[in-house]
Amino acid sequence: MTYTKYSASGNDFVIFHSFVEKDFTEDAIKLCNRTEGIGADGFVAVLPCDGADFKWQFRNSDGSDAAMCGNATRAVAHYAYNNNLAPAHMKFMTEAGLIESKVDGNIVETQMTEPKIIKEPFEQEGFTWFLIDTGVPHLVALTDDLNNYDHDLCAKMRYEHNANVNFAKVENTPSGKIIKVRTYERGVEGETLACGTGMVACFLRALDLGLVEEKTFVYPKSGEELTISKINGKVYFKGAVKKVFTATI
């Protein structure tokens, strides 16, 4: 089989396409292993789909399922377009619903699924948390210091609320306010260099509080620049992706 490794803002994925649908969980676990496999945060199988350009089967590195992954939508869109599986403006099916993405060179923009507030802000462990579903559930805590990110605290909150956990900081720059984000991801069970749905959750929380504009630059731990916009009630997530390599195993 031929697999391609992608990086989307530091979030990395193993991607391949098949015309035969099966459960790829074991493949995901083996290939995402950073010691004995290719190494990645997630795995995407691109499959045929009636009514859309394709559908995906997404697995986290531990083999668990995830309904949505923002960075993976951008990586898989680039892969599908460059493998003649979809046009530059495409629609594909995920467990979270139909996704639209546009490819322009190495820049890919995804229209995210409609966010759903799961729980109003609440206090726990010394922080105010906001729980929202941006394709998958995310806890968001705004902070003045991203060093408040703590692995053990995030793991506790993750299991108690069955959600990814984000710490976000709004900063002033000469060109306007930006957001910096650190995320603990389910399925990886640790901090990743970037999480698209997490960055969107942080943007929506900051926007709701009037801290940022409807078009804002967001920076994950990798330091790469992403643009998140809210236009006519729809949320768009845009940034560069990188094809790392293709290998036949």
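You'll find the side chain of Asp62 stays beyond 4.5 Å of the side chain of Ile29, heavy atoms only. With a 4.5 Å cut-off on side-chain heavy atoms, Leu47 and Phe54 do not count as touching. Side-chain contact between Phe167 and Leu153: present, with at least one pair of heavy atoms (C-beta onward) separated by less than 4.5 Å.
Phe43 does not carry Arg59 over the face of its six-membered ring by the limits of under 6.0 Å from the centre and within 45° of the normal. Annotation: cation-pi pair Lys119/Phe122 present, NZ/CZ under 6.0 Å from the ring centroid and within 45° of its normal.
Applying the salt bridge (charged side-chain N to carboxylate O under 4.0 Å, His left out) test to residues at least two apart or on different chains, the pairs with a partner in residues 185-197 are Arg158-Glu189, Arg182-Glu191, Glu191-Lys221.
Side-chain atoms of Tyr6 and His78 include a donor-acceptor pair closer than 3.5 Å.
A salt bridge does not link Asp144 with Lys169: none of the charged nitrogens is closer than 4.0 Å to a carboxylate oxygen. Look at Glu21 and Lys55 and you find a salt bridge, because one of the NZ, NE, NH1 or NH2 atoms lies within 4.0 Å of a carboxylate O, short of that distance. In summary, Glu26 and Lys30 do not engage in a salt bridge, as defined by a charged side-chain N under 4.0 Å from a carboxylate O. Here Lys238 does not pair with Asp104 in a salt bridge; the nearest charged N to carboxylate O distance is not below 4.0 Å. The pair Lys156-Glu125 meets the salt-bridge criterion, since a charged nitrogen lies less than 4.0 angstrom from a carboxylate oxygen.
For an aromatic pair to be called close, the ring centres must be under 6.0 Å apart, and Phe16 with Tyr3 satisfies this.
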